[in-house]
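Okay, structure first, notes after.
Quick note on labels: first sequence line is chain A, next is B, and so on, each numbered from 1.
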There are 2 protein chains.
Amino acid sequence: MTRASSRRPGPPTRTERGIPEATVARLPVYLRALTALSDSGIATASSEDLATAAGVNSAKLRKDLSYLGSYGTRGVGYDVEYLRYQIAREIGVTQDWAVVIVGIGNLGHALANYSGFGTRGFRIVALLDADPALVGERIGDMEVRDFAELEHIVETDRVSIGVITTPAGPAQEVCDRLVAAGVTSILNFAPVVLSVPDGVDIRKVDLSIELQILAYHEQRKSGEVALPQVPELPATNGLAPDLPAVGGGVSA
Amino acid sequence: MTRASSRRPGPPTRTERGIPEATVARLPVYLRALTALSDSGIATASSEDLATAAGVNSAKLRKDLSYLGSYGTRGVGYDVEYLRYQIAREIGVTQDWAVVIVGIGNLGHALANYSGFGTRGFRIVALLDADPALVGERIGDMEVRDFAELEHIVETDRVSIGVITTPAGPAQEVCDRLVAAGVTSILNFAPVVLSVPDGVDIRKVDLSIELQILAYHEQRKSGEVALPQVPELPATNGLAPDLPAVGGGVSA
DNA sequence: CCGATTTTGTTCTCACGTTCACAAGCTCCT
DNA sequence: AGGAGCTTGTGAACGTGAGAACAAAATCGG
């Protein structure tokens with residue numbers, strides 16, 4: 001994440017817009033919690049209520065909100081609708097963002113159908129794939145179009161967000177094309193590290209990494225006491241003789 | 001993440017297993033990078049090479065690896081196969097983990113088909129759904145089974161990892177059932193905050209949150225100079241009069 | 001065998017994030 | 001009007017993570 005903001009040492013004056021990244025990542029959670037409260041007909045909520053709904057500690061929540069401004073009322077709490085709007089505006093989901101999905105395999109398919117994807121604020125404008133066999137297929141009310149149309153679509157529909165759901169192989173090339181076409185935010189599902197120029201934000205969602213993190217902790221649980229012992233380093237120049245095959249890669 | 005480990009103040013003696021969470025999250029990335037290098041026929045790599053492949057800085061990579069032990073050779077670098085095995089063992093992917101997927105909608109479908117999911121180390125043992133219309137459907141070489149069979153399957157196949165791909169509504173209930181059945185690690189795709197007892201690890205993958213984070217940064221880019229001004233707080237008891245509808249929720 | 005060179009493992013420092021604890025401020029009741 | 005009772009917003013302490021820099025160890029050439 002390349003998000004350097006010139007920040008002088010003094011206390012973080014709230015007006016100079018510098019919201020910590022950790023806080024930014026939680027704002028959507030708060031937004032969802034507020035929406036849920038609102039749907040339940042609750043008009044006012046304390047930081048404690050909100051924190052519970054969002055699954056965080058209330059002090060953290062208050063500090064996070066304090067970066068946006070002073071939207072609560074002491075002794076009372078927060079007005080749910082008002083705070084919801086403020087957070088939505090801060091995040092930027094009061095406006096519409098055009099999104100393209102590249103790579104209509106299993107996952108791309110699922111995302112295209114995923115009604116939840118269309119959270120207000122995001123609009124899928126195109127499903128792209130380079131495979132001619134897929135082009136033309138209808139998914140919901142959309143049709144898969146040729147990846148070659150990318151540049152045209154990005155320009156026409158002012159696309160700023162691209163989602164990559166291709167296999168690992170073509171992902172970097174797709175990414176480069178997206179960037180060259182003018183996309184400045186990318187959500188990558190392909191199991192590769194993509195490199196992008198400064199000014200382009202990239203986020204990664206990686207199934208197998210998540211599973212592996214879980215596995216790590218799981219391993220500690222079962223073998224809390226007796227862990228598989230670390231074999232000694234081989235004599236001098238450690239060439240491993242014959243180790244079991246293990247993979248960290250994914251060939252979607 | 002509830003992973004409190006009794007740790008006394010002294011220097012973190014490597015032998016007492018306490019790998020920082022941030023490092024754990026990167027180990028799978030290193031593992032993948034090593035696999036890629038190995039596939040390219042590269043037998044030895046320096047921290048610089050590895051760091052580049054993994055998309056991190058080399059000092060960080062060396063420090064991360066130092067938590068596992070001293071597996072490099074000064075002046076030379078790391079033996080790719082050997083290091084790969086050590087990391088795989090540390091993570092726990094040298095053994096097989098049984099996984100159940102609950103909720104065979106669009107996303108569950110995709111995951112079931114997703115060959116990449118079957119990274120060595122993880123084995124999908126069952127696809128479950130409570131909808132009778134889905135039960136019996138074949139996906140790949142598996143058949144969707146009734147959610148009621150959960151407990152039986154978990155016990156029989158020693159399932160320790162559960163993946164929730166249901167809509168938000170039933171997610172907490174599914175989660176509770178998984179935990180009660182003995183599952184101790186959960187990967188949640190449903191857009192809700194799940195609560196689990198201590199000892200159960202849970203990780204979240206959330207599409208719309210990722211998009212919203214991108215949107216936040218995107219907004220700063222376009223309007224770098226003139227941001228939409230924050231409206232003043234309403235008079236005393238801030239009841240928002242009529243704000244545009246915004247959503248943070250997802251109704252998959 | 002020794003010195004030059006390379007690259008790891010580690011120490012130190014700084015920045016960031018979390019949590020506690022409390023003063024400031026608002027409401028409501030008497 | 002005044003005080004009791006809440007709840008926010010924030011200052012300060014603490015813990016974790018990142019990066020620079022360097023000493024320790026290994027190889028290689030002479």
Exercise for review: Report, as yes or no, whether the 6.0 Å neighbourhood of atom CD on Q95(A) holds more than 12 heavy atoms from other residues, nucleotides or ligands.
Suggested key: yes
Practice item. Measure distances between side-chain N and O atoms of K63(A) and base N and O atoms of dT19(C), and say whether any donor-acceptor pair falls under 3.5 Å. Key: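 Side chain to base: pair found, below 3.5 Å.
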Starting the side chain at C-beta, find the nucleotide from [options] nearest to [X].
{"X": "R74(B)", "options": "dG11(D), dG19(D), dA25(D)", "answer": "dA25(D)"}
{"X": "K60(A)", "options": "dT19(C), dG17(C), dG17(D)", "answer": "dT19(C)"}
{"X": "N57(B)", "options": "dT8(C), dT10(D), dG19(D)", "answer": "dG19(D)"}

Point to revise | Shortest non-hydrogen contact from S208(A) toward R32(B) | key: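 Heavy atoms of S208(A) and R32(B) come nearest at OG-NH2, 2.9 Å.
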Point to revise | N/O donor-acceptor pair under 3.5 Å between T52(B) side chain and E48(B) backbone | key: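 The answer is yes, because a donor-acceptor pair under 3.5 Å joins these two groups.
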Would you tell me if any nitrogen or oxygen in the side chain of [X] comes within less than 4.0 Å of OP1 or OP2 on [N]?
{"X": "S47(A)", "N": "dT8(D)", "answer": "yes"}
{"X": "Y67(B)", "N": "dG17(D)", "answer": "no"}
{"X": "T73(B)", "N": "dT8(C)", "answer": "no"}
{"X": "R62(A)", "N": "dG11(D)", "answer": "no"}

Practice item. Check each of L187(A), L107(A), L178(A) against I164(A) using the side-chain contact (heavy atoms from CB on, under 4.5 Å) test, and report the only one that passes. Key: L178(A)
Atom-pair distance ([atom1] on [X]; [atom2] on [N]), nearest Å:
{"X": "E48(A)", "N": "dG9(D)", "atom1": "CD", "atom2": "C1'", "result": "15 Å"}
{"X": "E21(B)", "N": "dG17(D)", "atom1": "CD", "atom2": "P", "result": "8 Å"}
{"X": "I19(B)", "N": "dG9(C)", "atom1": "CD1", "atom2": "P", "result": "14 Å"}

